[in-house]
Amino acid sequence: KAGVTQTPRYLIKTRGQQVTLSCSPISGHRSVSWYQQTPGQGLQFLFEYFSETQRNKGNFPGRFSGRQFSNSRSEMNVSTLELGDSALYLCASSLLGKSSYNEQFFGPGTRLTVL
Amino acid sequence: QKEVEQNSGPLSVPEGAIASLNCTYSDRGSQSFFWYRQYSGKSPELIMFIYSNGDKEDGRFTAQLNKASQYVSLLIRDSQPSDSATYLCAVNIDSGTYKYIFGTGTRLKVLA
């Protein structure tokens with residue numbers, strides 16, 4: 001079974017641009033979560049989607065948005081990029097719709113650099 | 001602000017010793033707790049989860065949970081150089097969804 005895939009793996013953008021990252025969960029998984037990982041802040045929760053609905057959102061500005069499609073694939077978008085948005089963006093998928101101790105499987109991440 | 005705290009380390013232990021990693025959390029309503037291992041340049045992988053007070057063992061790993069003290073730990077017995085990584089503690093603060101709060105991680109170095 002293929003794991004979680006994320007594209008692109010690396011991205012370089014300049015301030016003010018926008019970016020779209022993509023995540024394909026493990027086949028059959030319906031929940032997709034996004035995290036931002038930086039050396040100083042660690043892994044921070046962005047949002048979680050289940051059945052095309054955002055169920056939870058972290059403390060990030062409105063420049064960060066996401067969506068999920070009917071095939072469970074998810075995208076996240078960051079508009080008006082800032083230098084501080086440089087980070088590893090991780091996507092994680094889970095099998096069940098309700099968190100009943102099921103693990104999240106992480107993708108390899110997208111390394112975003114904002115110049 | 002709901003928080004998960006870990007000592008950043010590095011925690012250095014000799015090969016064959018027991019490594020003890022600790023984590024405290026602030027939300028008393030937290031239901032489930034996870035330990036992830038992250039090698040440099042790689043994504044996190046789940047080692048164990050625990051949701052009941054007490055110990056849970058899986059091979060060389062033991063997770064310990066004390067909800068009264070809001071404390072969860074991970075013990076690694078017979079530590080190997082391949083265990084050298086950053087260990088992330090995660091807490092599920094919303095039992096209906098997958099909203100996890102992660103600690104910043106403890107870097108473990110196992111010295112050969």
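So you know, we letter chains A, B, ... as the sequences are listed, proteins then strands, and number each from 1.
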**Student:** Could you give the distance from NZ (B:Lys42) to CG (A:Leu88), rounded to the nearest 0.5 Å?
**Tutor:**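 Answer for the NZ-CG pair, B:Lys42 versus A:Leu88, is 12.0 Å.
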**Student:** Can you get from A:Val32 to A:Ile26 by hopping between Ile, Leu, Val, Met, Phe, Trp and Tyr side chains that sit under 4.5 Å apart?
**Tutor:**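 They do not share one cluster, since no chain of ILVMFWY contacts under 4.5 Å joins A:Val32 to A:Ile26.
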**Student:** Tell me whether B:Leu108 is reachable from B:Leu75 by hopping between hydrophobic residues (I, L, V, M, F, W, Y) whose side-chain heavy atoms are closer than 4.5 Å.
**Tutor:**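 As far as the 4.5 Å side-chain criterion goes, B:Leu108 and B:Leu75 are not connected within one cluster.
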**Student:** Just checking B:Lys109: does its NZ atom have more than 12 heavy atoms from other residues, nucleotides or ligands closer to it than 6.0 angstrom?
**Tutor:**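 It does not: B:Lys109 NZ has 12 such atoms or fewer within range.
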**Student:** Enumerate the salt bridge (Lys or Arg N to Asp or Glu O under 4.0 Å) contacts for residues 59-72 of chain B, please, sequence neighbours excluded, ordered by first and then second residue.
**Tutor:**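 Listed once each, the pairs are B:Arg60-B:Asp83.
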**Student:** If you group Ile, Leu, Val, Met, Phe, Trp and Tyr by side-chain heavy-atom gaps below 4.5 Å, do A:Leu112 and A:Leu43 land in one group?
**Tutor:**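 Each belongs to a different hydrophobic cluster.
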**Student:** Given a strict heavy-atom distance threshold of 4.5 Å, which part of B:Leu88 is in contact with chain A: side chain, backbone, both, or neither?
**Tutor:**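 Contact with chain A involves the side chain of B:Leu88 alone.
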**Student:** CD/A:Gln104 to CZ/B:Phe49 distance, rounded to the nearest 0.5 angstrom?
**Tutor:**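 It is 12.5 Å, given to the nearest 0.5 Å.
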**Student:** Spell out, yes or no, whether A:Phe47 and A:Phe60 are grouped together once hydrophobic residues are joined by side-chain heavy atoms under 4.5 Å, including indirect joins.
**Tutor:**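 Yes, A:Phe47 and A:Phe60 fall within the same hydrophobic cluster.
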**Student:** Distance-only, no hydrogens or angles: does the B:Ser43 side chain make a donor-acceptor pair with backbone N or O of A:Gly107 under 3.5 Å?
**Tutor:**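 Indeed, once roles are kept as given, a pair shorter than 3.5 Å links the two residues.
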**Student:** I need the contact set between residues 78-86 of chain A and chain B: heavy-atom distance under 4.5 Å, sorted by residue number.
**Tutor:**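 Residues in range: none.
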**Student:** Counting only non-hydrogen atoms closer than 4.5 Å, does A:Gln41 touch chain B with its backbone (N, CA, C, O), its side chain (CB onward), both, or neither?
**Tutor:**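 Just the backbone, heavy atoms under 4.5 Å.
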**Student:** With B:Phe102, which residues qualify under ring pair (Phe, Tyr, Trp, His ring centres under 6.0 Å), at least two apart?
**Tutor:**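 Partners of B:Phe102 under the ring pair (Phe, Tyr, Trp, His ring centres under 6.0 Å) test: A:Tyr35, B:Tyr36.
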**Student:** Counting only non-hydrogen atoms closer than 4.5 Å, does B:Glu45 touch chain A with its backbone (N, CA, C, O), its side chain (CB onward), both, or neither?
**Tutor:**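 Neither part; nothing is under 4.5 Å.
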**Student:** For residues A:Gly40 and B:Thr104, report the shortest heavy-atom separation together with the two atoms involved.
**Tutor:**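 Closest heavy-atom pair between A:Gly40 and B:Thr104: O-CG2, 4.5 Å.
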**Student:** Counting only heavy atoms not in A:Arg15, do more than 12 sit closer than 6.0 Å to its CZ atom?
**Tutor:**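 Check fails, neighbour count at 12 or below.
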**Student:** Between atom CG of B:Leu46 and atom CZ of A:Phe105, what is the distance when rounded to the nearest 0.5 Å?
**Tutor:**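 Between atom CG of B:Leu46 and atom CZ of A:Phe105 there are 8.0 Å.
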**Student:** Transitively linked via ILVMFWY side-chain contacts under 4.5 Å: A:Val19 with A:Trp34?
**Tutor:**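 As far as the 4.5 Å side-chain criterion goes, A:Trp34 and A:Val19 are connected within one cluster.
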**Student:** Taking salt bridge (Lys or Arg N to Asp or Glu O under 4.0 Å) as the definition, give me every residue that meets it alongside A:Arg9, ordered by chain and number, with sequence neighbours left out.
**Tutor:**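 A:Arg9: no salt bridge (Lys or Arg N to Asp or Glu O under 4.0 Å) contacts found.
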**Student:** When only pairs under 4.5 Å are counted, which of B:Ser8, B:Pro44, B:Gly41 shares the most heavy-atom pairs with chain A?
**Tutor:**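 With the most close heavy-atom pairs to chain A, the winner is B:Pro44.
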